Colleague: 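Let me begin by handing over the structure; questions about it come next.
All figures in this text were calculated on a predicted structure; none of them were measured in a lab. Every number for a ligand or one of its atoms is a count from 1 in the order of the listing. When reading the values below, keep in mind they use all heavy atoms of this one structure, side chains included, and skip hydrogens, waters and symmetry mates.
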Amino acid sequence: MAASPATSSAPAGASSFARLSSAPLRAPRAAAASFPSPNSARPAALVADARASRLPVVAAAAAGHQRLMGSLTNNEGLRFGVVVARFNEIVTNLLLQGALEAFERYSVKAENITVVSVPGSFEIPVAAQKLGKSGKYDAILCIGAVIRGDTTHYDAVANSAASGVLNAGLSAGIPCVFGVLTCDDMDQALNRAGGKAGNKGAETAITAIEMASLFRHHLA
Ligand code: INI
């Protein structure tokens, strides 16, 4: 069950910490233990846990801080643009399907999702930027699959897609989430598109919901 942490001051920190521990995409136990809430009900146990994992114990003196975090469930009315490349569409269709299923799981309404199709991953950033600047969306998902071939084209497309999506988000001022696979071969890509390594499209949607919620509810 994912709670919906709002702006949290230190007294609510314990529940934020609990939220981290129960989120669908879990933070590793050791990483969580390195940021114990100052008001945790069991600080000694957390400190012992951190020591056992050889991580530095921090935040003991950070009472009064605010921790802002987006929520997966507080997503009513959030709107999403999805830019998906057709190149390697056997893979990108699966990624898109994963993203749409994740939206459905978190009750994002279909009417709040717009899917835009572009030829290849190289074309994703310009479309993402245009959607982002339109003011109609809270976050943009960027979905593609770049698979290494015999030429250097792979590096050019992969690098352009990554830096382009980053720039699109920065210039539009809304989250543009990177869901472009960069793989050595088709097997690797299919493994990450619903195969044994999960579905990167679903992860992209979940990241987009959290970031959109963060921006709408805390950073606006
Ligand atoms: N586009 C991809 O999305 N994935 C690839 O693997 C790929 N490769 O390897 O060539 C690819 N190329 C097309 C590119 O994205 C543009 O559509 C094309 O260069 C026109 O601008």
Colleague: Would you mind checking if Glu76 and Lys109 are paired as a salt bridge, meaning a charged N to carboxylate O distance below 4.0 Å?
Modeller: yes
Colleague: Do you reckon Ile206 sits in the same ILVMFWY cluster as Phe178, going by side-chain contacts under 4.5 Å, direct or chained?
Modeller: no
Colleague: Does Ala145 have a non-hydrogen atom less than 4.0 Å from ligand 1?
Modeller: yes
Colleague: Among all the protein's non-hydrogen atoms, which is closest to atom 20 (C) of ligand 1, and how far away is it?
Modeller: Glu123 OE2, 3.2 Å
Colleague: Short list, please: which atoms of ligand 1 are under 4.0 Å from a heavy atom of Gly120?
Modeller: 3 (O), 15 (O), 17 (O)
Colleague: Do Arg148 and Cys183 make a side-chain contact, defined as non-hydrogen atoms from C-beta onward lying under 4.5 Å apart?
Modeller: no
Colleague: Which of the numbered atoms in ligand 1 are under 4.0 angstrom from any heavy atom belonging to Asn88?
Modeller: 4 (N), 5 (C), 6 (O)
Colleague: Can any side-chain N or O of Ser213 pair as donor or acceptor with the backbone N or O of Gly70 at less than 3.5 Å?
Modeller: no
Colleague: Which residue supplies the protein heavy atom nearest to atom 14 (C) of ligand 1, what is that atom called, and how far is it?
Modeller: Phe122 CB, 3.8 Å
Colleague: Among protein heavy atoms, which lies nearest atom 3 (O) of ligand 1, and at what distance?
Modeller: Ser121 OG, 2.7 Å
Colleague: Among all protein heavy atoms, pick the one closest to atom 19 (O) of ligand 1 and tell me residue, atom and distance.
Modeller: His153 NE2, 3.6 Å
Colleague: Any heavy-atom pair between the side chains of Met186 and Val91 that's under 4.5 Å?
Modeller: yes
Colleague: Taking the six-membered ring for Trp and the single ring otherwise, decide whether the centroids of Tyr137 and Phe80 are under 6.0 Å apart.
Modeller: no
Colleague: Give the residue and atom name of whichever protein heavy atom lies nearest to atom 7 (C) of ligand 1, and the separation in Å to one decimal.
Modeller: Phe87 CE2, 3.3 Å
Colleague: Ile174 and Ile113: same hydrophobic cluster, using ILVMFWY side-chain contacts below 4.5 Å?
Modeller: no
Colleague: Check ligand 1 against Ile147 and write out every atom of the ligand that is under 4.0 Å from a heavy-atom position of the residue.
Modeller: 6 (O), 9 (O)
Colleague: For ligand 1, does Val157 get within less than 4.0 Å through its side chain, its backbone, both, or neither, judged by non-hydrogen atoms?
Modeller: side chain
